[in-house]
Amino acid sequence: QGAAGGLTAIINPEPPVLVLPINQQIPTGTIGGKIYESLLSYDFELKPQPQLAESWEISEDGLTYTFHLAKKAKWHDGKPFTSADVVFSCNVMLKEVHPRARGVFDRCESITAPDDHTVVFKLKAPFGPFLLAFETSSAPMAPKHIYEGTDYRKNPANDTPIGTGPFKLKEWSRGSHIHLVANEDYYLEGQPVLTEIFYKVVPDGASRSVAMETGEAQLSQFADIEPFDVPRLAAMPNLKMTTKGYEFFSPVLWYELNLRKKPFDDLRFRKAARLLLDPKFIVDKINFGLGKPATGPIASTTKFYDPNVTIYKTDVAAANALLDEMGLKKDANGVRTTIKFLVVPFGEFWTRLAEYFRQAMKQGGIEVVLETTDPGGFAQRVSNWEFDTTSNMLYQNGDPALGVARSYISSNIRKGVMFTNTEGYSNKEVDELFDRAAVLTSDKERAELYSKVQKILVDDLPVLWMTEQQFPTIHDARLENAIDTAIGVNGTFGRARWAS
Amino acid sequence: MSLAAIFSRVAGIVITIFVIATINFVLVRAAPGDPAAVIAGQSGATDEKFLAQVRAEYGLDQPYVVQLGAYLGKVATLDLGYSYRLRRPVKDLIAERLGPTLLLTLSAFLISLLGGVVFGALAGVRHGKISDLAISLLALILYATPVFWFGLMLVLLFSIKLEWLPAFGYVDMRAGSFGPFAYALDVLKHLCLPALTLGAIYMAMYARLMRASVIEVAAEDYIKTARAKGLTEGAILRGHMLRNASLPVITFAGLQVGAMIGGAVVVETVFSWPGLGRLIFDAVTSRDYPVLLGLFLVMSILVIAVNLLTDLIHRLVDPRLAVR
Amino acid sequence: MTLLSVQNLSIALPAGADRSHAVSNVNFDIEENQIVCLVGESGSGKSMIAHAILGLLPPGIAVDGGALMFGATDLAHLTPAERRNVRGDKISMIFQEPLTALNPLKRVGEQVAEAIRTHQGAMPAREVTAKVVELFQQVGLPDPERLRLSYPFQLSGGQRQRVMIAMALCNNPKLLIADEPTTALDVTTQRQILDLIKGLQKTHNMGVLFITHDIGVVADIADKVVVLQKGDIVESGSADAVLMQPEKAYTRMLLDAVPGKGAFRQAGEPRPPVLEVRGLQKKFVTRQGLFAKPRETVAARDVSCQLAPGDTLAVVGESGSGKSTLARILLRLVEPDAGEILWHGKSVRQMKGRELRDFRRRAQIVFQDPYSSLDPRLKVGESIIRGPIAFGVGRVEAKKLAEKWLERVGLGPQAFDRFPHEFSGGQRQRICIARALTLRPEILIADEAVSALDVSIQAQVLDLLNDLKTEMGLAMIFITHDLRVAREIADRVLVMRKGEIEEERPTEELFENPRSDYTKRLLEAVPGRAFFAARAAPA
Amino acid sequence: MNDSIRTFLRQPSGLLGLAILFLVCLAAALAPILYPGSPWDMVGAPLQPPGTAGSLLGTDTMGRDIASGILHGASVSLMIGIASTIAALAVGVTLGAIAGYAGGMVDRLIVRFIEIFQTIPNFVLAILLVAILTPSISTIILAIGLVSWPPLARLTRVQVQSIAAREFVQAARCQGLGSMSILLRHVIPNAISPIIVTGSMTVASAILIEAALSFMGLGDPNYMSWGYMIGAGRTVIRMAWWASLFPGLAILLTAVAINLIGEALNDALNPRISRS
Ligand SMILES: Nc1ncnc2c1ncn2[C@@H]1O[C@H](COP(=O)(O)OP(=O)(O)OP(=O)(O)O)[C@@H](O)[C@H]1O
Ligand SMILES: Nc1ncnc2c1ncn2[C@@H]1O[C@H](COP(=O)(O)OP(=O)(O)OP(=O)(O)O)[C@@H](O)[C@H]1O
Ligand SMILES: [Mg+2]
Ligand SMILES: [Mg+2]
Ligand code: NI
């Protein structure tokens, strides 16, 4: 076998569509990332690298970004990729169908195309992380000639995605597999190496491990492999495991308390709860060693992380003392108070997390009753603030301004919207620090502000941060260069190859 | 079957489907919270525009009776709704999963019926002997076994310990490149454990019934007649006992089809069999109600179909029914 | 030449059975071209002997002494294969119940053909079919070509029994064993089958072992009689000898117990009726399905009759003629479609509440099946006293009453605390009578109350009823399919056919001088008529 | 009744069933004493094999003691089994008795209704009910009860019908007994025993349905149940067979015991067998 050849990978769950511009769920990102591209890619340190944009420059005042596009880039249907497509995507289509992209591009005064291969973004105000907005899932380029003037979500072309990426969709057998083949006309020299990629839909966790074990599949990502199976598979000689390639996402997991309600509004209670919990337990026993305890709101894998904050150690006695101080007395059964926990309805991991929370709180005499709902009800209840406690995990999307601030700033307390400041935390100082940090362009200045905000937040405990989640990518030991950007398995795989 | 009988049969089926559809309707209305939010639940965030669209589609602003009527109308035109989670019409989702489920349930049905009849007959004929005791005991135990657990234990034994059969799935992932024969063989290999799991439990049930039935039939006068004719015991078993004794088993099997399809849901979950049951599991874990309700209806119709089939078999076996 | 010689035959029963041996030391011979009748009460071991000959004894029961010499072979000691060769070939057998003796799921022709193929080896299908058709013709089945393709349920009882006979004859057996082949049939059909067997026996020169409990049947067909009592032979010999000059008391008792030989009862003066029935109509409609046409059965069409105190009205007729339905209508267990029932001139159909209960108390019924007419969960005494208690009698008193009646029907007060299953059929029937009588009824309806009983017990129950009737001035409606029983007990007889009254006359007139053809046929079919007439004459 | 008890006790299989069931009840009763903590407590390292580190039957993925879970789960399984059977009996017997005794149009309607419910794949309906009403102990009982009644109704109807047609019932009517007392004293006592038998077996099937629901993730998250344990252990079956084996055995044994008892009851309540 030479460097070329086919790759069989696992996909779970089956993506609803492959058109990345209209759907950004994880599996869509993984497969769509081979078909669609954005202007930039990012290395493991989140430094921008060329993709559809060969080069770019930023004006002094940090308000104008000019991108020079790859001249040979073509859509899969043979039409050339031009700056008109970029303007259409960023200024029209994504604003309509992609809430996250809308958030970023709404900051632009104008998006224009002086010539076929140049695009100019003019910002209303400086925005520090603007260059991080051109990750594939965040701003996938859509072909103007197909989507302009149509109902994007109902466009029949959604069944035959047309992108600029190194792989094209050949066949999608629903419920079974998605077959991608190499794009012969790809604009980057010598790419792609692989001739085809099969994404097999394997809904069952155990079967996924078996498939990896037997070599039926050669690549798995995100939560494909159940945590307890990871060490075993990682130890197999024919497989390799890496947690690299998720830097852009860097998810942080936390328990969320509804600060509008008693006793969660009392900092002593939050501190006590935090002292009862042990992030190590989640890492070791629920995650089987993957991930690491989080110290605060910003993940250690991203730029502005500051480790010098208050460190909470598990301390049951101290927790009980705090609760006593609050005047929450134990009754005959040793129960101080009974609270509810809304279990996240997305599978076993979340159930375990809820069960752990219940047992941990019990040590402080806090009885937790688990409530279950369906995803619809869950979203509805959380976004409408109808819960006591729950758990949550958010991607940081490369920059605190993109993925962290949204959970803590009071301007983002938006009833009815998921992934906002649903816990209801409000602190003027924090608001101000986040706002200022977003519009600065100097990393050094920004780092200072983010350090400050981290200290305040960790002392204030708006949520109980537990872990920085890590995902295992497990692949055939002979597969090379697949994970070479900060979005890892969601990358283009243009350089992925077999070791000869 | 007379025309009138066919007519009343069809009417019965229509009524049944109508009732099931009504149950569906009531259930969606019984779900806590705004039905529109429930139906739209899969969209992650509750998007007002989307809710309005759902409300209009289901006519949730209309009076109940009108809504029920509209819903039944949709069912009548085979419109089972739309899965917002999977962004596809429920009808399509079900259609592509129907094959594996049929394969699984039909083979399990055959295994259970054949096995039940054979083992039950064996035990019945050897009434009171060791082999009867062994079969009866085994049947009793199997009958009391949770299906999913039995499946897991089979996986533990045959896939993990002995490594004879694949533990999960429908075909090998590489099967796309196999020839048609190798492909079929591979599916067959994957089918073994799930079909056995689902079949065994019902086999136990039928074996128990068959045993009792054979013992009863053995005491019938016509068996004495057959003996008095000078037939060998084998000929008596084959020619006179089996058919008569299996009648109650067939009737019962017809009644059990519903339960078996329910069992398939669990078995498909255990073995990651890409059928309707698996779809139900996914739909349950994500509470994809349109899919759940559609599946419920389709599975009920499946039961009706298999019931008709058993009826047909019954008629073939029992001339008294055929003439009437 | 002796065909089968039963020598000192003993058949052991398993432990826990009612006796140690089903039969012991039984000796008799069957000659070629001879009909040997085996008679005896239920449980005397008749079937056991028949089954032993073919090696068909049920599991746990075995021949434990003696020999069954069939020519030079001892049938009691054959290997399974040898036994199969004998069965259905040299010796064949017909059973009592024609409905259950045929496989319900196989065409009757096929069932006969199977017997042929089993013993005559491979034969072209056409030949087998031809043989079957020929056999069917021989046994008098109509349209054999079509009939052989029928299933048993499509044939009447008599036709099924003919199929059984054809099956038994298909390999020209030397010996035919018939175990009560006519008991389940109507008298007229019984007559035909008896004639058929007798005829075939003549043409085929067969030896026949005919088992029956009916002395009348014996008298009609037997060359030789073997009388069995509790497993022992009481008497055996040529039919003439045994029937005309019975030596043993038991045989005499059997002969005397046959009902319907004494003088006719004379109807008394006409008195005002207790019960009068006018123009009863009843149609049963069975729904087949939602849209299928319902099936209708006429169970009563314009039925009228009267019953005076102290009178006994016998209702006779073939199975399904509507006798039981009439009884049920009278008691308002079934509502008629039209007609009047008058009790002392009051309309029973208008009655409600107290009045109805009062009527019910005065009109009691005894059912045919002594097994299902007692609540299996209640002690016998309890079943009896519920009635009086329901009418306000105190428990202690009711118990006294019940004990009195139990004694009166010959059971003794200790029966009070036992469960129904601890009694024999005859005893149960007496309990039912006691239950009915504790309420001191005016009218007693007996629906086939003695049909399930052996002749000797039947005679006892009939006597009991007769005594009680005269004693209490009961009016009785006695339903039976047995004309001899009717003759024994009734003042008047009502003949029913398909829900209609064929004839209603005083008993003597009807028997001496029947008017309707149907009644004539019924009378002619009664087995042993000539014999009993002859026997009665000199007495 | 004494006869029935005697016959019951004469049957070794029935006794065995009783003994096992007794053990299960004992386990349920002793759970708080033998394992005073909650079965959710994480007592040791995860996935410890049986017999190690003080855990008799090993620990599950979160280090919870399997033995403790099984003991505490016993009462949950029994409670759900019995409660949902009572619910099924309430619906089934009432409908069946009405149909059997009333006859005619009412009977036809009820029969039709029963038939429809028998057509519906009952486990799927149970899933649907629990999923939509959100899983909790009461919705689970309700759902299992709602899907288990048709066989009971059918049986009750046939029983009532056949008993009501028996001659001894007609005889009782002729004795002047009122309808109510006939129903209570003759029909029900004679009809009840198969219903008791089937009812007892329904407990076993209810336990199985509950287990399957929990296995599918539709159990009440606040109660440790055997089905939940198997479901939670399923994914780790390759490295921790004990996590699913033992709870499965517990279900199996309980169901076998109940079935054995049911069969023995069947014989015991049959007067012909019990009193001969
Ligand atoms: N399977 C059996 N087990 C034990 N005892 C039996 C069995 N079958 C018959 N018996 C007993 O054997 C004896 C003879 O029975 P058999 O059937 O020969 O009587 P029969 O004369 O044919 O009576 P009937 O006129 O009622 O047919 C009876 O006492 C009966 O109780
Ligand atoms: N409940 C019923 N429903 C439908 N048909 C009935 C019903 N009861 C009786 N019949 C029919 O009415 C007719 C008369 O029945 P009935 O029982 O009165 O006959 P019988 O003269 O007593 O017969 P047997 O001698 O067999 O007891 C039969 O054809 C029977 O099938
Ligand atoms: Mg007999
Ligand atoms: Mg009758
Ligand atoms: Ni008779």
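Predicted, not measured: the structure shown is a model, and the values here were computed from it. To find a chain, count down the sequence lines: A is the first, B the second, and so on, and within it residues start at 1.
- Residues B:G294 and B:V90 come closest through the heavy atom pair CA-CG1, 4.2 Å.
- Interface with chain B: from residues 247-261 of chain D, residues D:G248, D:L249, D:I251, D:L252, D:A255, D:V256, D:N259, D:L260 qualify, criterion being any non-hydrogen pair under 4.5 Å.
- Within the structure, ring pair (Phe, Tyr, Trp, His ring centres under 6.0 Å) contacts touching residues 119-149 of chain D (residues at least two apart or in different chains) are D:F113-D:W149, D:F117-D:W149.
- Contacts classified as ring pair (Phe, Tyr, Trp, His ring centres under 6.0 Å) and involving residues 249-280 of chain B (residues at least two apart or in different chains) are given here: B:Y170-B:W273.
- Scanning all heavy atoms of the two residues, the minimum distance from B:S300 to B:I20 falls at CB-CD1, 3.2 Å.
- Counting heavy atoms from C-beta outward, B:I280 and B:L276 have side chains that stay 4.5 Å or more apart.
- Within the 4.5 angstrom heavy-atom criterion, no atom of D:A204 approaches chain B.
- The stretch residues 199-212 of chain B places B:R208 near chain D, each with some heavy atom under 4.5 Å from a heavy atom of that chain.
- D:E115 and D:T119 form no side-chain donor-acceptor contact under 3.5 Å, judged by distance and modelled atom types alone.
- D:R112 places a side-chain N or O within 3.5 Å of a backbone atom of B:G12 that can act as its donor or acceptor partner.
- Annotation: maximal heavy-atom pairing with chain D below 4.5 Å, among B:I301, B:I261, B:T269, occurs at B:T269.
- Atom CD1 of B:I130 is surrounded by 12 or fewer heavy atoms from other residues, nucleotides or ligands within 6.0 Å.
- Neither the backbone nor the side chain of D:I209 comes within contact range of chain B, judged by heavy atoms closer than 4.5 Å.
- Checking side-chain atoms of D:S75 against main-chain N and O of D:A28 turns up no donor-acceptor pair under 3.5 Å.
- Closest non-hydrogen pair, B:R97 versus B:L93, comes out as CG-O, 3.2 Å.
- When each of D:I207, D:I195, D:L152 is checked for a side-chain contact (heavy atoms from CB on, under 4.5 Å) with D:T202, only D:L152 meets the rule.
- Heavy atoms only, all atoms of each residue included: D:M229 and D:G69 are closest at SD-C, 3.7 Å.
- Judged by distance alone, with hydrogens and angles left aside, the side-chain atoms of D:T139 form no donor-acceptor pair with the main-chain N or O of D:L133 at under 3.5 Å.
- In this structure, the portions of B:Y143 lying under 4.5 Å from any heavy atom of chain D include both its backbone and its side chain.
- Using a 4.5 Å cut-off between heavy atoms, B:V270 touches chain D through backbone and side chain atoms alike.
- Contact annotation for B:I141: both backbone and side-chain heavy atoms come within less than 4.5 Å of a heavy atom of chain D.
- In terms of non-hydrogen atom pairs under 4.5 Å with chain B, the most contact-rich of D:I120, D:I127, D:V147, D:N122 is D:I120.
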